[in-house]
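Heads up, the thing below is written out as structure tokens.
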Amino acid sequence: MFLLLALLPYSALEVPVLLDGPLNAPGSLQLLALCLVFAGLALGYDLMFGRTGLLSFGHALYIAGGAYGTRLAMTEWGLTLVPAALLTLLLGTLAAVVLGAISLRTLALGGIGFAMVTLAFAQAGSLLVGRNPGGLTGGEEGLPLHAAGVPEAFVGVANTVHVYWLALGYLTLVAAVVWGVTARPVGRVWQAIRDNEQRVAVLGRDPFRYKLGAFVLASALAVLGGAVHLLVTAGATPHSSTPTFTLTLLVMVVLGGSGTRWGPVVGGALFTFLDQRLAAFADVAEPLLVLGTLFVLAVYAAPGGLVSLRARRRGRTA
């Protein structure tokens, strides 16, 4: 699958209605790159929600942190893209350790306590971005990409293919990390925590440590995804810091199938594609209304996510 996606830029295949041009056209590659980024972001979010059972409303805080942090590290500290992204990843991971520990302590109040505390942190971050302290965040306008700190291979329409491959590389990295970790014993402990946390504690495992590990790993992947999102969209936008952005990821995961191997990937890519393409038909129908209707129909047709349709078909055949 990933090899096929890597070869797409070499294809001039026309896909009427779905794309405005051939697959290797800059506009098509830009849209596909955005789909790949959100597929990776949804897969990382599902590490908490689907694999461990942690419902966080603050995941956007780390995505926005990756985008704004990378951009500011380039402009304020004069770093190039890679050192700026790595520094932001380090600082974002440390922040996730602290905020994750604080948020997880509220689980004594139940899952809703964790959700509300993460929402509060995300809302605080969103307000900070909107107020534009010292002119650092750009307020409602956001921040454009600082091209001087970015390698020439990722700047300009002619280099869209390289941005596409970078987005694919991010998705590949997230898939390797998530699928690799969940296949190990720690992944089985996460699943056990999701199913019955008290039983895990009785068996001598510390649920807090494992949940904090899942939270920090998912947040680190989100920070890295924010840096990639900065390149794909050529800027950092305040929308990426809002709780609504996290809710969008939640919808993607549920649409594809939470806790499954391919569900978040399918849901993230499909939702992003429809969201972008339906905007082109705004004069015919309201995009959000159409998207919402399609989501409701998908949930009714496949309560376990779109990937469950294949399993149900296999069951019927058997």
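- Under a hydrophobic-cluster definition in which Ile, Leu, Val, Met, Phe, Trp and Tyr are linked whenever side-chain heavy atoms come within less than 4.5 Å, directly or via other members, Ile102 and Met116 are assigned to the same cluster.
- A side-chain donor-acceptor contact under 3.5 Å links Thr248 to the backbone of Thr244.
- With values rounded to the nearest 0.5 angstrom, Ser258 atom OG is found 9.5 Å from Arg51 atom CZ.
- Closest heavy-atom contact between Val307 and Gly257: CG2-CA, 4.3 Å.
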TODO: Start with the C-alpha distance between Val163 and Asn159, add both sets of side-chain angles, then the distance that settles side chain to side chain contact (heavy atoms under 4.5 Å, CB included), and finish with yes or no.
DONE: CA-CA 7 Å; Val163 176; Asn159 293 318; 5.8 Å; no
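- The closest donor-acceptor contact from the side chain of Thr246 to the backbone of Ala60 lies under 3.5 Å.
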TODO: With side chain to side chain contact (heavy atoms under 4.5 Å, CB included) as the test, would you mind laying out the steps for Thr118 and His59 before giving the verdict?
DONE: CA-CA 8 Å; Thr118 56; His59 206 58; over 6 Å; no
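- At least one donor-acceptor pair under 3.5 Å links the side chain of Asp46 to the backbone N or O of Gly259.
- Counting only heavy atoms from C-beta outward, the side chains of Met74 and Val150 approach each other to under 4.5 Å.
- Of the possible polar contacts, one joining the Thr52 side chain to the Leu47 backbone as a donor-acceptor pair under 3.5 Å is found.
- Side-chain contact between Phe2 and Leu171: present, with at least one pair of heavy atoms (C-beta onward) separated by less than 4.5 Å.
- Side-chain N or O atoms of Trp190 include one that pairs as donor or acceptor with a backbone N or O of Tyr210 at under 3.5 Å.
- Met252 and Leu297 fall into different hydrophobic clusters, where Ile, Leu, Val, Met, Phe, Trp and Tyr side chains are chained together by heavy-atom contacts under 4.5 Å.
- Counting heavy atoms from C-beta outward, Ile63 and Val223 have side chains that stay 4.5 Å or more apart.
- Ring-plane geometry between Tyr10 and Trp165 is classed as tilted, the angle between the planes lying from 30 to 60 degrees on a 0 to 90 degree scale.
- Rounding to the nearest 0.5 Å places NE2 of His146 at 9.5 Å from CD of Glu76.
- Judged purely by atom type and a 3.5 angstrom limit, Ser28 uses its side chain to pair as donor or acceptor with the backbone of Pro22.
- The main-chain N or O of Leu221 is found under 3.5 Å from a side-chain atom of Tyr170 such that the two form a donor-acceptor pair.
- Counting heavy atoms from C-beta on, the side chains of Leu23 and Pro9 never come closer than 4.5 Å.
- With sequence neighbours excluded, the residues satisfying ring pair (Phe, Tyr, Trp, His ring centres under 6.0 Å) with Phe38 are His229, Phe245.
- With rounding to the nearest 0.5 Å, the separation of CG in Leu41 from OG in Ser240 is 10.0 Å.
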Open item on the list: Leu217 vs Val177, test: side chain to side chain contact (heavy atoms under 4.5 Å, CB included). Steps then yes/no.
Closed with: CA-CA 9 Å; Leu217 180 56; Val177 171; 4.0 Å; yes
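- Other residues, nucleotides and ligands place no more than 12 heavy atoms under 6.0 Å from the CD atom of Glu141.
- When Thr233, Leu81, Leu230 are each tested for a side-chain contact (heavy atoms from CB on, under 4.5 Å) with Leu145, only one passes: Leu230.
- Inter-residue side-chain proximity for Leu136 and Tyr68 is flagged as unmet; no heavy-atom pair is nearer than 4.5 Å.
- Checking side-chain atoms of Arg71 against main-chain N and O of Gly235 turns up no donor-acceptor pair under 3.5 Å.
- In the hydrophobic clustering of this structure, Phe215 groups with Leu55; members are Ile, Leu, Val, Met, Phe, Trp, Tyr whose side-chain heavy atoms approach within less than 4.5 Å, directly or through other members.
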Open item on the list: Go through it in stages, so that I can follow the logic: the residues are Leu61 and Leu99, the test is side chain to side chain contact (heavy atoms under 4.5 Å, CB included), and I'd like the CA-CA distance, side-chain angles, deciding distance and then a yes or no.
Closed with: CA-CA 11 Å; Leu61 177 66; Leu99 299 183; 3.8 Å; yes
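- In this structure, the side chains of Pro238 and Thr137 stay at 4.5 Å or more apart for every pair of heavy atoms.
- What you find for Pro26 and Val157 is that their closest heavy atoms are CB-CG1, 3.5 Å.
- Neither Leu90 nor Leu72 shares a network with the other; the hydrophobic side chains, linked directly or stepwise wherever heavy atoms of I, L, V, M, F, W or Y lie under 4.5 Å apart, form separate groups for each.
- For the pair Leu5 and Leu36, the tightest heavy-atom approach, listed with the atom from each and the gap, is CD1-CD2, 4.1 Å.
- Atom NE2 of residue His239 and atom OG of residue Ser126 lie 10.0 Å apart, to the nearest 0.5 angstrom.
- Taking all atoms of both residues into account, the shortest heavy-atom contact from Thr70 to Thr88 is N-OG1, 3.2 Å.
- No side-chain donor-acceptor contact under 3.5 Å links Asp275 to the backbone of Phe271.
- With side-chain heavy atoms closer than 4.5 Å counting as contact, directly or through intermediates, the hydrophobic cluster containing Leu91 also holds Trp77, Leu79, Leu87.
- Taking the ring axis of Phe208 as reference, the NZ or CZ atom of Arg105 stays within 45° of it and closer than 6.0 Å to the ring centre.
- Considering only heavy atoms from C-beta on, Leu173 comes within 4.5 Å of Leu224 through its side chain.
- Follow the hydrophobic side-chain contacts under 4.5 Å out from Leu247 and you reach Phe114 in the same cluster.
- Annotation: side chain of Glu152 is not in contact with side chain of Val155 (no heavy-atom distance under 4.5 Å).
- In terms of heavy atoms, Ala122 sits closest to Pro243 at CB-CG, 4.4 Å.
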- [ ] Test salt bridge (Lys or Arg N to Asp or Glu O under 4.0 Å) on Arg277 and Asp20 and set out the steps.
- [x] CA-CA 10 Å; Arg277 289 300 297 158; Asp20 292 330; 3.1 Å; yes
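- Summarising the geometry, atom CG belonging to Leu168 is positioned 12.5 Å from atom SG belonging to Cys35; distances are rounded to the nearest 0.5 Å.
- Here the shortest heavy-atom pairing between Leu18 and Phe273 reads O-CZ, 3.2 Å.
- In this structure, Gln30 contributes its side chain and Val232 its backbone to a donor-acceptor pair below 3.5 Å.
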